[in-house]
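Please read the structure below before turning to the comments.
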Amino acid sequence: MISYLRKNEYKIMFYRLLLAYFFYFIARVLFYFYNSDLLGIDTVFDFFRLSYYGLAFDTAAILYVNALFIVLSLLPLKVNTKKWYQKLLFFIYFTFNLVAYAINFIDFIYYRFTFSRTTKAVFETLENESNKSSMFFRFLANYWHVYLLFFIAAALWIFLYNKVKLNKKTYQKNNLSYFLFSTIVFVFLVILMIGAIRGGDFKKSTRPINLVDASRHVTKLQQADFVLNSPFAFIRTFNTINIKKVKYQVDPNAVDKYFKPVKQYKNNPKTSPNIVVFIVESYGREYWQAFNKDTKIANFKSYTPFLDSLADHSLIFTNAFANGRKSIHGMSSVIAGIPSFEHAFTSSPYANQKIESLVSTLKERNYDTSFFHGAPNGSMGFLGFGNILGFDHYYGMTEYANDEDDDGFWGIWDEEFMQFTKDVLDTKKEPFFASLFTLTSHEPFLPPVKYKDKFPKGDIPMHQVVGYTDYAFKKFFEAAKKEPWFKNTIFILTADHTNQSFYKDEYYKIINRGAVPILIYKPDSTFVGVDTKLAQQIDIYPTVLDAIGYDKPFRSWGRSLISEPQIEPYAMNYNGTQYQLQRGNLICTFDGEKATGFFSKNDKGLVDNLIENRTPEMDEIEEACKAFMKDYFDRIIDKQLTTEN
C-alpha cells in the first residue's frame, strides 16, 4: 500500500502545476488589459468563455515546459523527498516556467506591433541585429511597468510555491509495492500528459493542436490570439519547417487560371527609366489623407502633407495590402514578388537559391542596382538577402560613415540617409535601380532633437515620426528634382507593414491591419489617378517590368497594376493563425488545408461568416487559395523561382 508521504508528493506536484495554470490566467488577464482594443472581446461572458477554451493551450504549454519537472517528481527514487532533491526540483521548475512565462509578458507590448502571438519567427527578426543590448535597455526604460509586473508575478509565484511543502515525516519504503505503484502512476500520468499536449485527443488520425485550432471557438478571428498563450505559440513553432509542400490535390490548370505565375508583357514600348522603390518602415495607409478620402472617417487628420501633395500627381492604390508582417517580409515581397506567411521566406532553408526579381530582370537591361538601408550593415537580414538577389551595391551605416547622424536606436536618421541616397544616385550611370528602406518611423517614435516641436505629436506616438519621415521625403524630392536623372525616373512608394493605429474602427479590422499605401510617381505625369482595385506588394515587381516594356517571360505571383485585366485583382496574406485571400466579392480564410470562412469583401473585420451558404464563387476562391499555396510551396522547395526551371 502506498505510503502517506508518497500521496503527499503527488498532491504537491499537482499543486505546483495548478499554480502554473493560475499564473497563466493572470497573464491572460494582463494580455487583455494591454490589448483589449485589439481583441474584439465585448462581454465578460466572452472573456471567460474564451479563457475556458484557452485552457487546452495552457495545458499543452504547461506540460511542455514542465515535462522534466513532472518526470523527476514522479520517478520512484529513494532520494526524491530529500531536501537537496526538492531544491533541485525548485530550480528546474522556476528556470523553465519563468523563462516561458516571460514570453507572455513580451506580448503585452509586442502584440500591438505584430498582431500575432510571439513565435520562433521573432528570432528571425532579431538574429541579424547588432544592437540587441541597447534595444533591451530601451524597452526596459519605455515599458518598465511590464518588467515590474513580471517580477511581482514571479515573486508571488515563488511565495505560493514555498507555502506548501512536503511533510517531513520519515517512513520505510517497501521496495516492491513502492516501485510497482509508482511505476503504474508514472505510466498512467505520462499517457495523460501526451493526450493533454495533443489537445485531449489520443487518435493517431488527429494532429496535436496547433495555432490554427485557437480559431475553432471564436466569433471574431482576432479572439484566437486571446485563446492562445505565447509560450505555446513559441514552442509549437520552435522546431518546425513551415515551408513544406501541401498534400491536397489541385487542378494543374488552376494556378495558371487564377495567377499566371509565368508572365510575359508586350503592352508598352521598351524604355529605360531609372527606378527608385521606397519601402517605408511601418508607414501604414492610415496616416495619409490621400488614401483615406473614401473611408468616411470623421475628423480625419493626416500627418503626411508632402506625400499627400505628391499623391495628387501620382497613381495611387487605395486598396493595397502587405504580404507579410515584418520588415524582411516587405523586402522579399516588393523586390522579388515572394510573400511570407508564418515565417519569412528569407529565413527558411530555401532562401539561398536563384531568384528572379526586379534585380535580375533589370540587370538584364543593363541597370545598375543598389539597396540602401541606414541601419548597421546586415540588419534585418537585408544584406544577406540582397546578395542572394544579386544587388550590385549595398549602402548601409558603413558606407554612410558618419556616426554623428546615428539616432542611437536603429541607425541613420531618415532625412540624412535620404540625402546620402540622393548624392549616391547623382554619381550613378543611368539607368539605375535603387531601393531605399527607411528607418525612423518606428519605436521609440522620436524625431531628431533639432525637430523636437516641428511635427504634430498627434494622438499616438507614431504620428510625430510619420510627420518627420514625410518631411525627409520632402527634402529628398526637393534636392532630387534639381538633378538631370530625376525627370527620367519612376518612383514607387510602399510600406513594409503597418504600425500603431488611432482610427481603430477602420484600421483595427483584421484585414486592414495589413493596409499599406502603393504610390507610383513619374515627373512627366505618366502615372496619375486613383485605383480602388485590390493591390498588394507582390504586384510592384510585375508592374515595373510592364511599365518599361520588358518583353521576356518572367516568374511572378503578382499582377501588373497598370495593364493586366486577364488576372483578377487579389491580395494574399497571413494573419498569425490563418491565410486570407481577398478576391472578387469575397474574403476567404484558409487554415492551410481548407476554407474556414467566407466573408463579404467589405467585411474587413471578418464578422459575418457566410460559409454555411456555399456558392460557386466560394468554391472558386477556395480553389484559388489552394492553387496559390500549392504553387508557392512547390516552387520554393523545388527551386523553381525563375523561368529557367
Side-chain angles (χ1 to χ4, degrees), residues 1-31 48 51-105 149-171 173 177-200 229-232 235:
M1 182 176 178
I2 195 69
S3 71
Y4 165 77
L5 191 58
R6 189 62 174 162
K7 286 189 291 186
N8 196 31
E9 289 176 47
Y10 292 146
K11 289 179 182 178
I12 289 175
M13 183 193 74
F14 284 116
Y15 167 76
R16 291 166 178 173
L17 292 178
L18 285 173
L19 283 179
Y21 280 96
F22 172 74
F23 282 97
Y24 272 56
F25 177 72
I26 294 298
R28 183 171 277 112
V29 171
L30 292 172
F31 179 73
F48 285 104
S51 296
Y52 168 75
Y53 290 120
L55 285 173
F57 299 91
D58 292 352
T59 298
I62 290 167
L63 294 181
Y64 273 127
V65 170
N66 288 280
L68 179 60
F69 167 78
I70 293 170
V71 168
L72 292 178
S73 297
L74 291 175
L75 285 175
L77 302 174
K78 293 202 172 189
V79 295
N80 54 14
T81 58
K82 300 290 186 183
K83 188 174 182 180
W84 69 264
Y85 193 84
Q86 290 299 310
K87 286 184 176 180
L88 174 64
L89 289 180
F90 174 91
F91 175 79
I92 291 171
Y93 179 88
F94 280 109
T95 297
F96 284 93
N97 274 300
L98 292 183
V99 169
Y101 198 53
I103 303 174
N104 275 319
F105 284 71
L149 286 170
F150 173 75
F151 286 114
I152 290 173
L156 179 60
W157 196 341
I158 292 170
F159 172 76
L160 293 175
Y161 180 99
N162 287 325
K163 283 291 286 183
V164 179
K165 297 182 179 180
L166 275 175
N167 189 322
K168 294 182 179 179
K169 176 183 174 182
T170 59
Y171 69 101
K173 294 180 179 177
S177 62
Y178 174 79
F179 282 104
L180 180 60
F181 187 90
S182 296
T183 301
I184 292 172
V185 172
F186 177 81
V187 172
F188 175 72
L189 291 180
V190 166
I191 292 172
L192 286 181
M193 281 178 59
I194 294 171
I197 287 173
R198 289 176 58 86
N229 62 76
S230 302
F232 176 86
I235 292 167

Could you check whether any side-chain heavy atom of [X] comes within less than 4.5 Å of a side-chain heavy atom of [Y], counting everything from C-beta outward?
X    : Y    : answer
L18  : F22  : no
N104 : F23  : no
N97  : F69  : no
F31  : S230 : no
Y24  : F57  : no

Take D58 and F232 through the side chain to side chain contact (heavy atoms under 4.5 Å, CB included) test and state the conclusion after the steps. CA-CA 7 Å; D58 292 352; F232 176 86; over 6 Å; no
Please determine whether the number of non-hydrogen atoms from other residues, nucleotides or ligands lying under 6.0 Å from atom CZ of F94 exceeds 12. yes
Look at atom CZ of F91 and say whether more than 12 heavy atoms of other residues, nucleotides or ligands are closer to it than 6.0 Å. no
About how many Å separate [atom2] of [Y] and [atom1] of [X], when rounded to the nearest 0.5 Å?
X    : Y    : atom1 : atom2 : value
W157 : N162 : CH2   : CG    : 13.5 Å
F90  : R16  : CZ    : CZ    : 9.5 Å
I62  : Y21  : CD1   : OH    : 5.0 Å
F159 : L156 : CZ    : CG    : 8.0 Å
L55  : N229 : CG    : CG    : 10.5 Å
L88  : I92  : CG    : CD1   : 4.0 Å

Please give me the minimum heavy-atom distance between [X] and [Y], naming the atom from each residue.
X    : Y    : answer
A100 : P231 : O-CG, 3.1 Å
M13  : S73  : SD-CB, 3.7 Å
F25  : S51  : CE1-OG, 4.1 Å

Would you sort out whether N66 and F96 count as a side chain to side chain contact (heavy atoms under 4.5 Å, CB included), showing the intermediate values? CA-CA 7 Å; N66 288 280; F96 284 93; 5.8 Å; no
Can you check side chain to side chain contact (heavy atoms under 4.5 Å, CB included) on I235 and V65, steps first, answer last? CA-CA 9 Å; I235 292 167; V65 170; 3.8 Å; yes
Kindly assign one of parallel, tilted or perpendicular to the pair F150 and Y101, based on the angle between their ring planes and the thresholds 30° and 60°. tilted
